[in-house]
Amino acid sequence: MEKHLNFEALKRPPMPSPSAVPTPTAPRRNLVAALCATVIGLIIKLVPLTAGLAVFFDPLLRRKGSSAGTKPFIRVASLNAIPEDGTPVQFPVVADLTDAWNREPSQPIGAVYLRRVGGKVECFNAICPHAGCFVAYAAGRQVFQCPCHTSSFELTGERILPSPSPRDLDKLAVDEEKLKSGEVWVQFVNYYPGKEHREEKPT
Ligand code: FES
């Protein structure tokens with residue numbers, strides 16, 4: 001029997017199997033894969049960036065947390081350096097200055113008057129509350145006197161009226177426990193001048 005070869009069938013390309021036929025969901029899968037790759041890439045880049053930013057801002061955050069507490073006491077003088085008769089003496093206040101990233105040791109940050117009253121010590125910021133000049137102790141009149149606009153203050157820190165100063169001298173806290181061991185430690189604060197009520201300056 002004579003066999004006939006089907007040349008038309010041989011020329012035709014083979015029919016693809018059903019599984020090889022592209023379906024409409026394939027482009028969607030590719031898009032999802034691309035999105036996943038982008039998201040993972042972003043995460044990989046963001047992790048070290050976030051860690052770097054956390055390290056950079058950490059001192060600022062710690063400083064913010066610590067400023068919520070009270071100011072520390074600073075050693076200003078030995079008790080022996082203050083006359084027992086109640087005469088006020090001016091002392092510089094020296095402290096370590098720190099900002100978020102730097103520390104400068106032993107910097108002058110102001111001055112105070114210390115005065116013995118009975119067994120205690122009174123402390124006043126030496127800055128005049130009028131406009132910020134340093135007051136001097138006028139031994140002859142036994143008052144604090146400002147050289148700038150003639151504000152005067154009693155030894156208790158009270159204004160002598162009339163006065164350009166809007167308030168009394170700024171009284172500061174003294175650590176009474178340290179006094180027992182012969183040292184004067186003061187909670188040093190600078191206040192804005194020109195205001196009737198004390199408003200603490202940031203340090
Ligand atoms: Fe002291 Fe003006 S600054 S009186």
Side-chain angles (χ1 to χ4, degrees), residues 60 63-64 66-180 182-203:
L60 281 178
R63 186 175 165 79
K64 197 176 175 187
S66 67
S67 70
T70 55
K71 285 206 175 266
F73 282 84
I74 298 170
R75 187 191 180 282
V76 172
S78 77
L79 189 56
N80 289 337
I82 309 169
E84 289 183 14
D85 64 1
T87 303
V89 180
Q90 191 186 101
F91 292 92
V93 180
V94 174
D96 297 341
L97 287 183
T98 53
D99 62 18
W101 295 276
N102 301 303
R103 183 171 183 272
E104 296 178 65
S106 303
Q107 297 298 309
I109 58 170
V112 292
Y113 277 101
L114 298 179
R115 174 173 174 257
R116 285 210 213 196
V117 183
K120 297 190 174 183
V121 170
E122 278 186 350
C123 177
F124 299 102
N125 195 319
I127 295 282
C128 176
H130 177 227
C133 295
F134 278 96
V135 297
Y137 173 57
R141 290 177 56 211
Q142 295 200 336
V143 294
F144 297 106
Q145 202 161 21
C146 182
C148 294
H149 316 98
T150 67
S151 287
S152 296
F153 306 86
E154 304 282 6
L155 288 182
T156 56
E158 246 176 282
R159 275 179 307 167
I160 297 173
L161 298 172
S163 172
S165 177
R167 61 176 192 264
D168 299 340
L169 283 181
D170 295 320
K171 194 170 186 175
L172 305 177
V174 174
D175 188 329
E176 298 201 1
E177 284 303 308
K178 296 281 187 188
L179 280 184
K180 291 177 190 164
E183 296 202 323
V184 186
W185 289 61
V186 166
Q187 198 170 35
F188 184 74
V189 182
N190 272 320
Y191 297 94
Y192 285 104
K195 293 176 184 282
E196 190 179 343
H197 300 290
R198 300 203 302 187
E199 193 179 315
E200 192 174 323
K201 273 184 173 180
T203 49

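Both ligands and their constituent atoms are indexed starting at 1 by order of listing.
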Using the rule given for ring pair (Phe, Tyr, Trp, His ring centres under 6.0 Å), can you reason through Y113 versus Y137, listing the C-alpha separation, both sets of side-chain angles and the distance that settles it, and then say yes or no?
CA-CA 9 Å; Y113 277 101; Y137 173 57; 7.2 Å; no
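- Q90 is not listed as a side-chain neighbour of V135, based on a closest heavy-atom distance of 4.5 Å or more.
- At least one side-chain heavy atom of V184 sits less than 4.5 Å from a side-chain heavy atom of I82.
- By the criterion of a separation under 2.8 Å, the protein N/O/S atoms near atom 1 (Fe) of ligand 1 amount to C128 SG, C146 SG.
- Counting heavy atoms from C-beta outward, P129 and L169 have side chains that approach closer than 4.5 Å.
- A heavy-atom distance below 4.5 Å is not found between the side chains of V93 and P108.
- Sorted by first and then second residue, the salt bridge (charged side-chain N to carboxylate O under 4.0 Å, His left out) pairs involving residues 73-93 (not counting sequence neighbours) are R75-E183.
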